[in-house]
**Student:** 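Structure provided below as structure tokens; questions to follow.
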Amino acid sequence: MKDYLAARLRDVLADLDDVPEGFAPELETPANPEHGDLSTNTALRLASELDGSPRTIAEDLAERLREATDSARVASVEVAGPGFVNFRYAEKHLQRGLKAILAAGDQYGRTTGHVGERALVEYVSANPTGPLTVGHGRNAVLGDAIARLLEHVGYEVEREYYFNDAGRQMRVLGQSVQARYEALAARRRGETVPTKTVEGAGGEPREVPERFPENGYQGAYVTEIAEALLDDPAFREKIAEAENGGHAPFQQAAEERMFAEIDATLRKLGVEMDSHFNERALYADEGDRQGEHISIDEALGRLREAGYVYDEEGATWLETTRTGKDQDTVLVKSSGEPTYRLPDIAYHAGKFERGFDLMIDVFGADHIATYPDVLSALDILGYDTGRVDVVIYQFVTLVRGGEPVKMSTRRAEYETLDDLVAEVGRTVLETHGRAEGEDGAADGFSEEEITRAGADIVRFFFLMRSPSSHLEFDLDLAKEASEKNPVYYLQYAHTRIASILRKAEEVGFSFEQTGADGPDFSLLTHEAEQDLIKALLRFPDAVRQAADAREPHRVVTYLRAVANAFTQFYAHCHIIGEERPLATARMHLAKAAQTVLRNGLVELLGVDAPVRM
RNA sequence: GCGCCCGUAGCUCAGUGGACAGAGCAUCGGUCUUCUAAACCGGUGGCCGCAGGUUCGAAUCCUGCCGGGCGCGCCA
């Protein structure tokens with residue numbers, strides 16, 4: 001409808017003189033329903049150009065638009081306020097729209113604007129040095145939801161996880177595991193293990209084995225990995241045979257285990273990657289490189305050719321002062337090792353070579369300073385950086401009992417995503433169990449049930465805020481299995497519809513009891529019915545706007561409006577007890593509302609849409 | 001010092017340059033013998049951080065200040 005009116009508006013404007021070249025008319029849904037279903041400010045915007053009063057221009061536009069629009073779609077075109085032109089939908093249009101929603105079913109909400117385009121969404125991208133934290137959770141869920149949004153507007157989407165297992169961090173992890181392993185082995189042999197004291201969680205002193213590396217990873221998971229390895233005869237044998245005492249086998253084993261754990265954590269949250277990209281692939285020789293990747297040598301060579309690279313003090317620099325920064329940037333250290341920036345540049349150049357039309361990076365606020373360098377380099381290399389979109393999300397503060405929870409990975413002061421999901425899920429189920437009066441049920445939940453319940457809430461909490469907004473994750477609120485928890489409001493609306501339809505069929509109503517032309521939607525004249533249909537018809541546009549902005553929280557905002565409109569309908573319009581034609585029409589409307597809620601919750605937000613609660 | 005993000009109801013946050021600024025929670029009051037009360041209805045509560053500017057019109061755009069967060073390394 002918006003597209004239709006925009007087109008008519010352009011037609012009308014084409015007949016007017018003095019309309020500026022390229023003038024793009026705007027249509028919006030007024031906040032106040034008294035101002036119609038759609039509104040345009042065109043007359044106000046053109047007043048100075050056309051040299052007339054906004055009101056007069058608006059009257060003229062309205063007159064022409066009445067002629068130009070189909071009365072089966074537009075019921076009225078009115079001028080209001082300082083010069084707005086307001087449109088009201090024809091009932092016929094609502095009836096047709098409702099029919100279209102039902103026909104589209106679980107495809108409703110998808111649009112085709114970007115069909116034929118390919119998008120790469122890079123997210124999570126945490127090196128496997130430890131379990132995913134709450135912060136990674138926001139990244140993962142946000143990236144996943146953005147990928148879903150892009151798919152809904154037609155993109156073919158690839159989800160990629162970028163990591164580097166060759167750096168210092170991973171070496172330190174390997175050494176940390178090795179130190180724990182050797183200490184455990186010695187203890188099992190009855191030997192005393194020499195220890196030293198380092199700074200641990202909260203600045204408290206902490207005893208670690210003497211061979212524990214500087215800035216080693218103190219988390220319990222390191223010891224757990226060491227224990228598991230010690231209990232693995234094959235691994236013990238491997239260590240015994242190697243005899244060089246290096247950390248390499250420990251690092252490798254730790255990486256494998258961490259990745260398995262990370263994948264499991266992501267899967268719990270419904271996040272699945274299409275590909276993992278190891279930075280190591282960028283070091284491969286030219287002839288050896290996989291597919292269309294750009295190696296770091298090639299990227300550096302091309303930057304040098306472009307004249308933006310120089311050598312000084314043994315290091316290789318990129319002249320970022322020429323791209324608006326106040327410092328140049330080191331690409332290769334005097335040790336001969338590249339900084340992380342160079343592989344980043346090569347990796348992104350490779351994305352272009354792989355033929356993506358849109359490349360999205362999801363980064364935490366702590367990476368804010370690094371991506372401009374990458375974009376500058378891509379620009380120098382001749383790539384269209386307009387196709388790269390960096391989504392920066394602000395940090396998550398976990399609040400428990402009104403107090404913020406501090407987090408730091410290395411010193412083992414953190415809340416893992418797994419813990420968060422489990423804590424939330426368990427508490428919610430226990431509370432729910434009590435609410436249902438199922439005494440003793442508290443202990444009876446499977447890990448799977450806990451995960452499902454927790455994952456829905458965690459996903460929803462991460463998605464309900466704008467990425468640019470600091471996110472306060474209130475554990476106490478998340479754990480409330482009550483009306484306080486916003487995710488239930490949407491799920492409950494969906495459940496309620498399922499319940500109504502179930503009940504209606506039980507007492508003999510049916511979707512099939514319609515005339516030859518299907519249900520008679522012209523019977524849906526109640527204000528609550530009309531408002532609900534209008535809300536449902538906005539869905540594709542809401543999805544499009546959320547996708548364009550890369551902001552999944554807009555979907556949440558929209559779905560709340562739908563749930564609210566449905567609740568009004570529920571309160572005022574019954575099914576059981578009504579004449580069959582009206583009851584049947586209402587069943588179809590309820591079904592359409594359920595479709596939108598389901599598609600939004602399940603397909604876009606990735607949370608469950610239960611039929612019973 | 002420089003860069004980016006944020007500052008909207010008591011709290012957590014929505015708010016595509018538009019027509020009287022919204023939601024949830026909290027608080028006060030009302031609603032279950034009719035399709036699920038995890039719900040609904042109503043009340044209280046705002047110099048949209050401050051000051052300028054652009055505009056017919058600014059919470060929204062620009063500038064400056066104030067306050068909070070994150071960065072600013074031959075760490076990632």
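Note that the structure is a prediction, hence the values are computed from the model and not measured. In what follows, chains carry the letters A, B, and so on, assigned in the order in which the sequence lines appear, proteins first and then strands, with residues in each chain numbered from 1.
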**Student:** May I ask you to say what Asn164(A) touches in the nucleic acid, namely base, sugar-phosphate or nothing, with a heavy-atom cut-off under 4.0 Å?
**Tutor:**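 Sugar-phosphate contact only - Asn164(A) comes under 4.0 Å of backbone atoms but never of a base.
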**Student:** In the strands shown, is C48(B) matched to any nucleotide by a Watson-Crick or G-U wobble pair with both distances under 3.5 Å, and which?
**Tutor:**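 No nucleotide pairs with C48(B).
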**Student:** Look at Asp608(A) together with Arg459(A) and state whether they make a salt bridge at an N to O cut-off of under 4.0 Å.
**Tutor:**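 Looking at Arg459(A) together with Asp608(A), the answer is no, because their closest N to O distance does not fall below 4.0 Å.
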**Student:** Is any N or O donor-acceptor pair between the side chain of Asn86(A) and the base of A19(B) shorter than 3.5 Å?
**Tutor:**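 Result: at least one qualifying N/O pair found.
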**Student:** Sticking with atom C1', work out how far A14(B) lies from G22(B), rounded to a whole angstrom.
**Tutor:**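 It works out to 7 Å between them.
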**Student:** Could you tell me the Watson-Crick or G-U partner of G73(B), where both distances fall under 3.5 Å? Say none if there is no partner.
**Tutor:**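 G73(B) is paired with nothing.
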**Student:** Between C13(B) and G29(B), how far apart are the C1' atoms? Round to whole Å, please.
**Tutor:**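 Those two atoms are separated by 26 Å.
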**Student:** Counting only side-chain heavy atoms from C-beta out, which of A19(B), A76(B), A38(B) sits nearest to Pro30(A)?
**Tutor:**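 Looking only at side-chain atoms, Pro30(A) lies closest to A19(B).
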**Student:** When the P atoms of G15(B) and C41(B) are compared, how many Å lie between them, rounded to an integer?
**Tutor:**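 23 Å, rounded to whole Å.
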**Student:** Scan Lys503(A) against the nucleic acid and name what it touches under 4.0 Å (heavy atoms): base, sugar-phosphate only, or nothing.
**Tutor:**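 It contacts sugar-phosphate atoms only.
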**Student:** Would Tyr347(A) and Phe277(A) count as a close aromatic pair, with their ring centres under 6.0 Å?
**Tutor:**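 So the answer is yes for these two rings.
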**Student:** For C35(B), give the paired nucleotide (Watson-Crick: N1-N3 plus N6-O4 or O6-N4; G-U: N1-O2 and O6-N3; both under 3.5 Å), or none.
**Tutor:**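 Check on C35(B): unpaired, no WC or wobble geometry under 3.5 Å.
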**Student:** Do side-chain atoms of Thr40(A) reach the backbone of Glu26(A) as a donor and acceptor pair under 3.5 angstrom?
**Tutor:**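 Judged by distance alone, yes, a pair lies under 3.5 Å.
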**Student:** Mapping Glu279(A) and Ala80(A) onto RNA chain B by nearest heavy atom, which one lands closer to the 5' end?
**Tutor:**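 Looking at the nearest nucleotide for each, Ala80(A) comes out on the 5' side.
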**Student:** When you measure from the side-chain N and O atoms of Tyr371(A) to the phosphate of A76(B), is any distance below 4.0 Å, counting only OP1 and OP2?
**Tutor:**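 So the side-chain polar atoms of Tyr371(A) never come under 4.0 Å of the phosphate oxygens OP1 or OP2 of A76(B).
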**Student:** Could you give the distance separating C70(B) and C62(B) at their C1' atoms, to the nearest angstrom?
**Tutor:**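 Each nucleotide's C1' atom is 24 Å from the other's.
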**Student:** Indicate whether OP1 or OP2 belonging to C4(B) is found under 4.0 Å from a side-chain N or O atom of Gln394(A).
**Tutor:**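 No, outside the criterion.
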**Student:** Between the protein and nucleotides 12-15 of chain B, are there any N/O to N/O pairs under 3.5 Å, and if so, what are the atom names and distances?
**Tutor:**
residue : atom : partner   : partner atom : Å
U12(B)  : O2'  : Arg465(A) : NH2          : 2.8
C13(B)  : OP1  : His470(A) : O            : 2.9
C13(B)  : OP1  : Glu472(A) : N            : 3.3
C13(B)  : O2'  : Arg465(A) : NH1          : 2.7
A14(B)  : OP1  : Ser466(A) : N            : 2.8
A14(B)  : OP1  : Ser469(A) : OG           : 3.4
A14(B)  : O2'  : Thr557(A) : OG1          : 3.3
G15(B)  : OP1  : His553(A) : NE2          : 2.9

**Student:** Taking OP1 and OP2 of C75(B), is either one under 4.0 Å from a side-chain nitrogen or oxygen of Lys333(A)?
**Tutor:**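 Affirmative; the distance criterion is met.
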**Student:** Looking at Tyr489(A), I'd like to know if the NZ or CZ of Arg560(A) sits under 6.0 Å from its six-membered ring centre while staying within 45 degrees of the ring's axis.
**Tutor:**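 The answer is no, since Arg560(A) fails at least one limit relative to Tyr489(A).
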**Student:** Assess Arg322(A) against Tyr308(A): is NZ or CZ under 6.0 Å from the centre of the six-membered ring, and within 45 degrees of the ring's axis?
**Tutor:**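 Output yes; distance and angle both within limits.
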**Student:** Would a distance-only check, ignoring hydrogens and angles, find a side-chain to backbone donor-acceptor pair under 3.5 Å from Arg55(A) to Gly81(A)?
**Tutor:**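 A pair under 3.5 Å: yes.
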**Student:** Is the Phe395(A)-His470(A) ring centre distance short of 6.0 angstrom?
**Tutor:**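 No, too far apart.
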**Student:** Using a 4.0 Å heavy-atom cut-off across all strands, classify Ala315(A) as base, sugar-phosphate, or nothing.
**Tutor:**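 Base contact.
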**Student:** Looking for any heavy atom pair under 4.0 Å, which part of the strands does Tyr570(A) touch: base, sugar-phosphate only, or nothing?
**Tutor:**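 Result for Tyr570(A) = base.
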**Student:** As a test of the definition: with a 90° window around 0 for syn, would you call C32(B) syn or anti?
**Tutor:**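 Syn, which is what one calls it when the glycosidic angle falls within 90° of 0.
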**Student:** More 5' along RNA chain B: Gln327(A) or Ile575(A), using each one's nearest nucleotide?
**Tutor:**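 Going by which nucleotide is closer to the 5' end, it is Ile575(A).
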**Student:** What nucleic acid atoms does Val390(A) come within less than 4.0 Å of, heavy atoms only: base, sugar-phosphate, or nothing?
**Tutor:**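 Val390(A): no heavy atom of the nucleic acid under 4.0 Å.
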**Student:** Classify Thr567(A) by what it touches in the nucleic acid, base, sugar-phosphate, or nothing, heavy-atom distance under 4.0 Å.
**Tutor:**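 It contacts sugar-phosphate atoms only.
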**Student:** Distance between the P atoms of C6(B) and G49(B), in whole angstroms?
**Tutor:**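 Each nucleotide's P atom is 12 Å from the other's.
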**Student:** By the 4.0 Å heavy-atom rule, please label Arg45(A) as base, sugar-phosphate, or nothing.
**Tutor:**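 Answer is base: heavy atoms of Arg45(A) come under 4.0 Å of a base.
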**Student:** Taking the same atom, P, in A59(B) and in C65(B), what whole-Å distance lies between them?
**Tutor:**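 Those two atoms are separated by 23 Å.
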**Student:** Is any side-chain heavy atom of Arg304(A) closer than 4.5 Å to one of Thr316(A)?
**Tutor:**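 Result yes, sub-4.5 Å side-chain heavy-atom pair found.
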**Student:** Using the six-membered ring of Phe566(A), assess whether NZ or CZ of Arg496(A) lies under 6.0 Å from its centre and within 45 degrees of the ring axis.
**Tutor:**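 Pair Arg496(A)/Phe566(A) does not count as cation-pi.
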**Student:** Scan Arg612(A) against the nucleic acid and name what it touches under 4.0 Å (heavy atoms): base, sugar-phosphate only, or nothing.
**Tutor:**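 Base contact.
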**Student:** For the P atoms, the ones on G52(B) and on A19(B), what distance do you get once it is rounded to whole angstrom?
**Tutor:**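 One P to the other, the span is 23 Å.
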**Student:** For G42(B), which nucleotide in any strand shown is its Watson-Crick or wobble partner with both distances under 3.5 Å?
**Tutor:**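 Looking at the geometry, G42(B) pairs with C28(B).
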**Student:** Does any nucleotide pair with C13(B) by Watson-Crick or G-U wobble geometry, both distances under 3.5 Å, and what is it?
**Tutor:**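 Across any shown strand, C13(B) pairs with G22(B).
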**Student:** Work out how far the P atom of C50(B) is from that of C66(B), and round it to whole angstrom.
**Tutor:**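 Going atom to atom, P in each nucleotide, I get 15 Å.
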**Student:** Answer with base, sugar-phosphate or nothing: what part of the nucleic acid does Gln491(A) contact at a heavy-atom distance below 4.0 Å?
**Tutor:**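 Contact class for Gln491(A): none.
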**Student:** Between the base of C35(B) and the side chain of Glu506(A), is there any donor-acceptor pair under 3.5 Å?
**Tutor:**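 Such a pair does not exist between side chain and base.
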